[in-house]
K.L.:
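Following this message is one structure expressed as C-alpha cells.
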Amino acid sequence: MSTIPAAGPQAPSSPIRSRRKIDGVRIASFIALIVTTFLMLLPLFFMVSTSLKSKKELLKFPPSFLPESWQWSNYKEIFETLNFGQMYMNSLIIGVLTVVGTLLSSALAAYGFARYRGKGNNLWFMLMLSTMMLPYPAIMIPQFILFSKLNWLDTFLPLVVPAFFGSAYNIFLLRQFFSTLPEELFDAGRIDGCSELRMWRQIALPLSGPALATVAIFAFIYSWNDLLTPVLYLSSSDKFTLPVGMSSFTSSRFRIPPWHLLMVASVLAMLPIVTLFAIAQKRFVEGIVLTGIK
C-alpha cells in the first residue's frame, strides 16, 4: 500500500515581486508629492510673476504665467508710491518687541506652572487655559477703553505691552516642555545655592531651545500678520504697519487697484517669515515634536 507524501509548507512569495511592489508604492508616493508640491507652489509662482508685470499686462485675458517684459522697477516704485520702508520698519520693531515680551513672560509663567506643585496649581492652570476660549471682540472694547485712558492711542504700546503679560497658548506649550526636564538638575542647582530665578535662567532656558524657537516663530508671525490691532490703535500714517499699508491698495483711492504693487508688497512681506523659518526650521520642528510627545 503506497503512502501519499504530505504536502510541504507553501513556498514564500518571490522576493523580487515584493521588491517591485514596494518600489511601485514609492514611485506613486513620489509622484503624488511632486504634484502636491507643484499645486502648493503655483500661487507663490503666480504672485512673484505678477509682481514683475506691467499694469497694462495685468488686464490681459487670459493671464500669462510669465511677464512679457520683466518690470524690476515695480520693486522701486512701491517705495516711491507708498511709505513702504517706514511701514516695513514699524512691523519689524513691533514684531521683535512682541517676540521678546512673549518669550520672557510666557517662559516665566510656564516655569512656575511646571516646577511648583501647590494647592490650586491645576485650578489656576485651567483658568489660564480657559482664556483661550475668549474671542478677541469680547475684550476688544475694554482694552480700547483702558489704553485710551492711559493715553496710549496712536503709539506702539497697545501692540507691544500685552505681549509682556503672557499668552495662554505659549504658556501651555512651554509648560509641557518644562515638565519633562529632570528634577535632578534642579535639585543639584538647589544644593549649589541657586535661586529659582537663576535655575530658570541657567538650567531651564538653555535646555528649552526648540520650544522657545517655536514660541518665537508663532509670536512673530502673529504680530507680522496682525491687521485689526494696528487699525484700532494707530491713526498716523508714519506709524502704520505693513498689513495696514497693503490693505490701502484695495481702498477707494485707487480706481483700479495696483495688483502688481500689491504682489510686490506680498513678496517683500513674505521674506522675513521665510527667512525666520529657514533659520529656525530644525528647532521649530523639534519643538513641536518634543512638546507633543513628552
Side-chain angles (χ1 to χ4, degrees), residues 27-96 98-99 213 216-231 234 237-285 288:
I27 292 174
S29 302
F30 187 70
I31 293 175
L33 287 175
I34 292 177
V35 173
T36 304
T37 303
F38 174 78
L39 293 176
M40 295 184 67
L41 292 179
L42 188 60
L44 178 62
F45 172 78
F46 189 77
M47 179 180 67
V48 176
S49 175
T50 305
S51 69
L52 296 171
K53 294 179 180 179
S54 62
K55 193 171 183 179
K56 181 180 179 182
E57 191 177 352
L58 292 174
L59 304 177
K60 290 181 60 177
F61 186 83
S64 58
F65 283 98
L66 291 176
E68 297 176 356
S69 59
W70 300 76
Q71 302 292 325
W72 295 102
S73 59
N74 292 343
Y75 284 81
K76 179 182 178 182
E77 182 182 352
I78 193 173
F79 288 93
E80 298 173 350
T81 305
L82 196 67
N83 194 11
F84 192 78
Q86 184 64 45
M87 294 178 182
Y88 211 91
M89 185 58 63
N90 293 340
S91 293
L92 283 176
I93 292 173
I94 294 173
V96 171
T98 299
V99 169
I217 291 177
F218 283 157
F220 185 82
I221 291 177
Y222 176 81
S223 173
W224 187 259
N225 295 328
D226 187 19
L227 173 62
L228 179 59
T229 312
V231 168
L234 301 179
S237 58
D238 60 332
K239 294 184 177 68
F240 283 171
T241 59
L242 205 53
V244 178
M246 293 173 64
S247 65
S248 67
F249 281 118
T250 57
S251 63
S252 58
R253 69 189 183 102
F254 292 104
R255 187 173 62 89
I256 300 177
W259 296 111
H260 60 305
L261 296 183
L262 182 59
M263 294 299 105
V264 171
S266 300
V267 172
L268 295 177
M270 184 183 61
L271 291 180
I273 302 296
V274 175
T275 303
L276 180 63
F277 186 78
I279 294 174
Q281 179 182 8
K282 182 178 179 181
R283 290 281 191 175
F284 175 74
V285 175
I288 291 293

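The figures here come from the full heavy-atom set of this structure, side chains too, leaving out hydrogens, waters and symmetry mates.
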K.L.:
To the closest 0.5 Å, what do you measure between CG (N83) and NZ (K239)?
P.N.:
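Going from CG on N83 over to NZ on K239, the span is 12.0 Å.
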K.L.:
Enter the distance from T50:OG1 to L262:CG here, rounded to the nearest 0.5 Å.
P.N.:
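So the gap between those two atoms works out to 10.0 Å.
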K.L.:
Let me confirm one number: the CG-CG distance from D238 to N90, rounded to the nearest 0.5 Å.
P.N.:
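Atom-to-atom, D238:CG and N90:CG are 7.5 Å apart.
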K.L.:
Around M270, counting heavy atoms of other residues, nucleotides and ligands shown, do more than 12 lie under 6.0 Å from its CE?
P.N.:
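More than 12 heavy atoms, drawn from other residues, nucleotides or ligands, come within 6.0 Å of this atom.
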K.L.:
Where do P67 and K53 come nearest, in terms of heavy atoms and distance?
P.N.:
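Nearest heavy atoms, P67 then K53: CB-CG, 3.6 Å.
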K.L.:
Measure up the F84 and Y88 rings against each other and bin them: parallel (under 30°), tilted (30 to 60°), perpendicular (over 60°).
P.N.:
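Ring orientation, 0 to 90° scale: tilted.
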K.L.:
Report the C-alpha distance between V267 and V264 in whole Å, list the side-chain angles of each, state the deciding distance to 0.1 Å, and finish with yes or no for side chain to side chain contact (heavy atoms under 4.5 Å, CB included).
P.N.:
CA-CA 5 Å; V267 172; V264 171; 5.9 Å; no
K.L.:
Rounded to the nearest 0.5 Å, how far does OG of S73 lie from CD1 of I78?
P.N.:
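Reported value, rounded in 0.5 Å steps: 12.0 Å.
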K.L.:
Is there a side-chain contact between L33 and T36 in this structure, where contact means two heavy atoms from C-beta onward sitting under 4.5 Å apart?
P.N.:
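Heavy-atom side-chain distance check fails, nothing below 4.5 Å.
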K.L.:
Apply side chain to side chain contact (heavy atoms under 4.5 Å, CB included) to residues Y75 and L268 and explain how you reach the verdict.
P.N.:
CA-CA 9 Å; Y75 284 81; L268 295 177; 4.1 Å; yes
K.L.:
Tell me, do S91 and M87 make a side-chain contact under 4.5 Å, heavy atoms counted?
P.N.:
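A side-chain contact is absent here, since even the closest heavy-atom pair is not under 4.5 Å.
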K.L.:
Would you check if V99 and Y222 make a side-chain contact, meaning some heavy-atom pair closer than 4.5 Å?
P.N.:
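The answer is no, as the side chains (C-beta and beyond) never meet within the 4.5 Å cut-off.
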K.L.:
Where is the tightest heavy-atom contact between M246 and A265, given as atom of each residue plus distance?
P.N.:
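In terms of heavy atoms, the two residues are closest at CG-CB, 3.9 Å.
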K.L.:
Rounded to the nearest 0.5 Å, how far does OG of S54 lie from CH2 of W70?
P.N.:
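These two atoms lie 13.0 Å from each other.
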K.L.:
Inspect the surroundings of CZ in F46 and state if more than 12 heavy atoms from other residues, nucleotides or ligands are less than 6.0 Å away.
P.N.:
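Counting other residues, nucleotides and ligands, CZ of F46 stays at 12 neighbours or fewer.
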K.L.:
Treating S223 as the side-chain partner and A219 as the backbone partner, does any N or O pair qualify as donor plus acceptor under 3.5 Å?
P.N.:
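Checked: no pair found.
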K.L.:
Looking at side-chain heavy atoms only, is the closest gap between L227 and S247 below 4.5 Å?
P.N.:
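A side-chain contact exists here, since the closest heavy-atom pair is under 4.5 Å.
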K.L.:
Of the non-hydrogen atoms in N74 and L261, which two are nearest, and what is the gap between them?
P.N.:
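Looking at all heavy atoms of both residues, the closest pair is O-CD2, 3.8 Å.
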K.L.:
Does any part of the side chain of F220, heavy atoms only, come nearer than 4.5 Å to the side chain of T98, both counted from C-beta?
P.N.:
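Of all side-chain heavy-atom pairs linking F220 with T98, none is under 4.5 Å.
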K.L.:
So do the side chains of I94 and W224 get within less than 4.5 Å of each other, counting heavy atoms only?
P.N.:
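No, every pair of side-chain atoms sits at 4.5 Å or beyond.
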